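Everything on this sheet refers to the single structure shown next.
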Amino acid sequence: MKLSQLFLLSSILVSVTNLARAEEATWKDTSLSPEARAKALVKAMTQDEKLQLVHSLYAVLNGPKKFPVPKGALGSAAYVPGIKRLGIPAQQITDAGLGVTNPGGDLRPGDAATSLPSGQILSGTFDPKLAYEAGKVTGAEAFHKGFNVLLGGGAVLVRDPRNGRNFEYLGEDPILAGNVAAQQIKGVQSQHVVSTVKHYAFNNIETNRLKLDMKVGEKEGRESDLLAFETVIKKGNPGSIMCAYNKVNGDYACENSYLLQLPKKEWGYQGYVMTDWGAGHSTVKAANAGLDQESAADQFDKKIYFGKDLKEAIAKGEVPQSRLDDMAYRVLYGLIQVGAYDHPATKSEQPENVATHEAISQKVAENGIVLLQNKQNILPLATTVKNIAIIGGHANEGVLSGGGSSQVTARGGNIKLKTGMQTWPGPESYFPSSPMKAIQALAPEAKVQFAGGDNIQQAVDLAKNSDVVIIFATKWSAEAFDNADLSLPDNQNQLIEAVAKAGKPVVVVLETGNPVEMPWLNNVDAVVEAWFPGTSGGTAIANVLFGKVNPSGRLTTTWPKSLSQVPYPTIKGAGRIINADPGQPMENDSSVISSLSLDIDKANVGYRWYQDKKITPLYPFGYGLSYTTFKYTKITLNNNLSGKNPTMTAEVTVENTGKKDGADAVQVYGTMPDGTTSRLLGFDKVALKAGETKTVSIPLALQAIANYEPKAHHWELPAGAYTIAVKPDALSSEGVKTTVHINKMNLAD
Ligand code: BGC
């Protein structure tokens, strides 16, 4: 080689190295945007490195097919190896609907975690700040355990009171669910952990979930479940979205181009979409539709679609190279955006901040548990009460939790029932936070006695010898199946009826995943719905019963009188686990629901259905009692209705008219000019001392009173007079209202 050639070669090498350094400087430069950094990384990646990022491997310790946990994985729902030369951390992915789950089960008690109360409670607080704190707890525990991707942030709307996973979701209203999920996700992500909003979309029932086709019109979809997702995605900016098992309008959610394009094209979403476990069905169709990552592909899908097959499809031109680059970009964007790239999570040996975390879980429960009935103000109980009978619900030991992939193992271990479903999603498990022990602690002088409830006569005898009876009634629900009906299982209704006849004051505490029928309602004094109240649930329940906290939780699902009131009274196959586990062979069973038209309610989900059909439910959305009383005295609006981003804010004056300090869930509803159903536009939780008055400012979501126009692809506020009201619940005629005239206008997307 001539000297001049050598010189040329070395200067080329120098420039290539300099270029590489400059690029490296780009993706490492924290002052640059996540977009710029992720783009620079993708540029530096080889094809195989990109392919490595777009599918995860199953990593559970004792998974169904007993695959070995991949090297480097912590042992959890899934794992993607990192790329060391580029500083890309491994993705350690774990479930976390309500808290970090313990994928090792009993094998690794060190994985125990704080479980937040169920979604009904979190949304029932109507408190976005608390939702943020709650998310922070889960994020901090995940980071501490070395996880950087959480499979949590459930934003599916509750459309039916039997859905087995309603306890993972945030109620029936898109504005409430979307805003609460957004805050929860922001809390998680503040800890450098990606949060995954799920299950996108219309995963509203569990029966036959792997085959079910949800039919929904564009307008109806955009104004209901998709509005919840739009709100959470725009406001919470989750690193990832999990597409659902079910089909939507004929196409599986994870290869449905309408669904997959919507966040990216219309909501400015830069993160990635991953499949649910076993929800991947194709390479070319899914990739071109907009799927970005195939989850636990090795074990749950028929084959790894986003590995070798994707490489070949790109080589053949069936999937453009730009699509793979975009997939890798989106995964990296998600990681960089939350700080998971710059602050890699590693398993910490330091003690966790357990006391603070459990206290936040307890606070959420205390703010979200709902007081449904309180005749003659029997509650709060006096701490001087002498004899307390506690009956049923394993209340001597703990509180019920929901089953399935969101099941957390509490510190101290879960109490697992030996009866009922023993295989996944069971067994029915209780967190070791005993309401009975907490009650005894609050009434130290009282004789507190327990009867299990199986023997009704024994329970009645105990009741007769007490001053007050607290009956705990439970109904478990779990992923993979829906409740067959709304009845309390076993002998619980007979037990309550019999005990109520003992002539003593009776308080029923419900621990359920859904509303239940209460044939004994008129015969008992008080009813408290404690849902699944989390790992500090027992203390929270006792504090509510004795008035240490004043209940302020509200229902976020309308409580029907019976199933004849709901839009789909019959769900064929409800109560059975059928085609729910992708690891099992699929069944062809025509006696099971195979498709459901959601348009039956015309996007009038939940309380709006009851308004539209003029049906009176047992309790409406937003309902819940307190030990004090509140009065709304004024509502005024601050409007800025010109320009591209019109805003409307309500100033609401609320007074605590009772004798006890308390907190009110202030709910502002709007009705469109055509006078159709009223919709929740904004909310907040306000603490008020006895006699205190406050004025609070509540931003209102105009989309909730706009029409989505599918042909024009925009949201439109029709011209006319809108009623804006603050009221105690969605269907109440109390409260105060005002009117605003709006000229026809479109909302910018
Ligand atoms: C559930 C998801 C969960 C995943 C991983 C699936 O069965 O539907 O919610 O995140 O499993 O465990």
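Ligands are counted one by one from 1 in listed order, and the atoms in each one are counted from 1 as well. In this chain, numbering begins with 1 at the start of the sequence shown. In this text the structure is predicted, and so the values were computed from the model without any measurement.
Cation-pi geometry between Lys247 and Tyr252 is met: the NZ or CZ atom falls under 6.0 Å from the ring centre, inside 45° of the normal.
From the protein, the heavy atom lying nearest to atom 7 (O) of ligand 1 is Glu479 OE2, 2.7 Å. Counting only heavy atoms of the protein, atom 4 (C) of ligand 1 lies nearest to Asp276 OD1, 3.4 Å. Ranking the protein heavy atoms by distance from atom 9 (O) of ligand 1 puts His199 NE2, 2.7 Å first.
His357 and Glu141 share a donor-acceptor pair across their side chains, judged by distance under 3.5 Å alone. Side chain to side chain, Gln407 and Ser401 meet the donor-acceptor criterion of an N or O pair below 3.5 Å.
Ring to ring, Tyr333 and Tyr272 are not that close: their centroids are 6.0 angstrom or more apart.
For atom 3 (C) of ligand 1, the nearest non-hydrogen atom from the set Leu151, Ile93, Asp95 belongs to Asp95.
Here is the list of ligand 1 atoms found below 4.0 Å of a heavy atom in Arg209: 7 (O), 8 (O). Close contacts of ligand 1 with Arg165, meaning ligand atoms under 4.0 Å from a residue heavy atom, involve 1 (C), 2 (C), 8 (O), 9 (O). Within ligand 1, the atoms closer than 4.0 Å to a non-hydrogen atom of Met242 are 10 (O), numbered from 1 in the order shown.
By the 4.0 Å N-to-carboxylate-O rule, Asp213 lies close enough to Lys215 to be salt-bridged with it.
Residue Lys198 has at least one N or O atom closer than 3.5 Å to an N or O atom of ligand 1.
Heavy atoms only, all atoms of each residue included: Val158 and Glu172 are closest at O-CB, 3.3 Å.
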